[in-house]
Amino acid sequence: QVQLVESGGGLVQAGGSLRLDCVASGSIFKINSMGWYRQAPGKQRELVATITSVGNKIYADSVKGRSTISRDNAKNTVYLQMNSLKPEDTAVYYCNANIYTVISGVPRTFWGQGTQVTVSS
């Protein structure tokens, strides 16, 4: 199977920075896109940023210019550097990856368990 494990969340003051890491492990043959989503209380889960295997990136308008997504293919890891954080960035952040496993010829989407980011005003 495949596991995605996030780290790096926490409590930060408005204007501060955080970096989220997500490591994929298990029966991985190839990772296509990787990304970050977030879900605030009472709201739907929303895209934050994604990055393809060749480095093409998409950002939500709400984080564009303040966040940078990157990945290390050799380490099966995706990062999200968030700067100038705002209280409205408070949410649980989930890692997401589209992966070909060793035993499957069809890519599947996997999710991490989430990491809490809280931005105080």
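By convention here, the first residue in the shown sequence is residue 1.
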Problem set entry | Verdict with supporting geometry, Thr90 and Val117, side chain to side chain contact (heavy atoms under 4.5 Å, CB included) | CA-CA 5 Å; Thr90 295; Val117 171; 5.9 Å; no
Exercise. Is any side-chain heavy atom of Arg71 closer than 4.5 Å to a side-chain heavy atom of Ser53?
Worked result: yes
For this session: Kindly compute the distance separating CD (Gln3) from CG (Asn76), expressed to the nearest 0.5 Å.
Result: 12.0 Å
Problem set entry | Closest heavy-atom pair and its distance - Ala24, Leu4 | CB-CD2, 3.3 Å
Seminar exercise, completed: Lys64 meets the side-chain hydrogen bond (donor to acceptor under 3.5 Å, both in side chains) criterion, sequence neighbours left out, with Asp61
Exercise. Side-chain contact, heavy-atom cut-off 4.5 Å: Ser67 with Gln81?
Worked result: no
Seminar exercise, completed: Rounded to the nearest 0.5 angstrom, the CD1-CD1 distance for Ile99 and Ile31 is 4.5 Å
Problem set entry | Euclidean distance, Thr50 OG1 relative to Asn32 CG, rounded to 0.5 Å | 12.0 Å
Exercise. Applying the 4.5 Å side-chain criterion to the ILVMFWY set and letting contacts propagate, would Tyr93 and Tyr37 be lumped into a single cluster?
Worked result: no
Exercise. Does one hydrophobic cluster hold both Trp36 and Tyr79, with members joined at side-chain heavy-atom distances below 4.5 Å?
Worked result: no
Exercise. If you take all heavy atoms of Asn83 and Ser17, which pair is closest and at what distance?
Worked result: OD1-OG, 2.9 Å
Exercise. Considering only heavy atoms from C-beta outward, does the side chain of Val48 approach that of Tyr59 to under 4.5 Å?
Worked result: no
For this session: Decide yes or no on side chain to side chain contact (heavy atoms under 4.5 Å, CB included) for Arg38 and Lys43, but give the supporting numbers first.
Result: CA-CA 9 Å; Arg38 68 185 182 187; Lys43 295 188 176 182; over 6 Å; no
Problem set entry | Side-chain (Gln39) to main-chain (Val92) donor-acceptor, under 3.5 angstrom | no
For this session: With rounding to the nearest 0.5 Å, note down the distance linking CZ in Arg66 to OG in Ser84.
Result: 7.0 Å
Exercise. Please walk me through it: do Arg19 and Thr68 pass side chain to side chain donor-acceptor pair (under 3.5 Å)?
Worked result: CA-CA 9 Å; Arg19 193 186 83 173; Thr68 301; over 6 Å; no
Exercise. Do Ile69 and Val78 have side chains that get closer than 4.5 Å, going by heavy atoms?
Worked result: yes
Exercise. Atom SG in Cys22, atom CG in Leu80: separation rounded to 0.5 Å?
Worked result: 10.5 Å
For this session: Return yes when atom CD1 of Ile58 has more than 12 non-hydrogen atoms of other residues, nucleotides or ligands closer than 6.0 Å, and no otherwise.
Result: no
For this session: For atom NZ of Lys75, decide whether the heavy atoms of other residues, nucleotides or ligands shown that lie under 6.0 angstrom number more than 12.
Result: no
Problem set entry | cation_pi(Arg45, Tyr94) dist<6.0 Å, angle<=45 | yes
For this session: Drop me the distance from Thr77's OG1 to Met34's CE, to the nearest 0.5 angstrom.
Result: 6.5 Å
Exercise. Where do Ser121 and Ala14 come nearest, in terms of heavy atoms and distance?
Worked result: CA-CB, 4.3 Å
Which atom pairs, one a donor and one an acceptor, fall under 3.5 Å between side chains of residues 104-114 and the rest of the protein, sequence neighbours left out?
residue	atom	partner	partner atom	Å
Ser104	OG	Val106	N	3.1
Ser104	OG	Val106	O	2.9
Thr109	OG1	Asn98	ND2	3.4

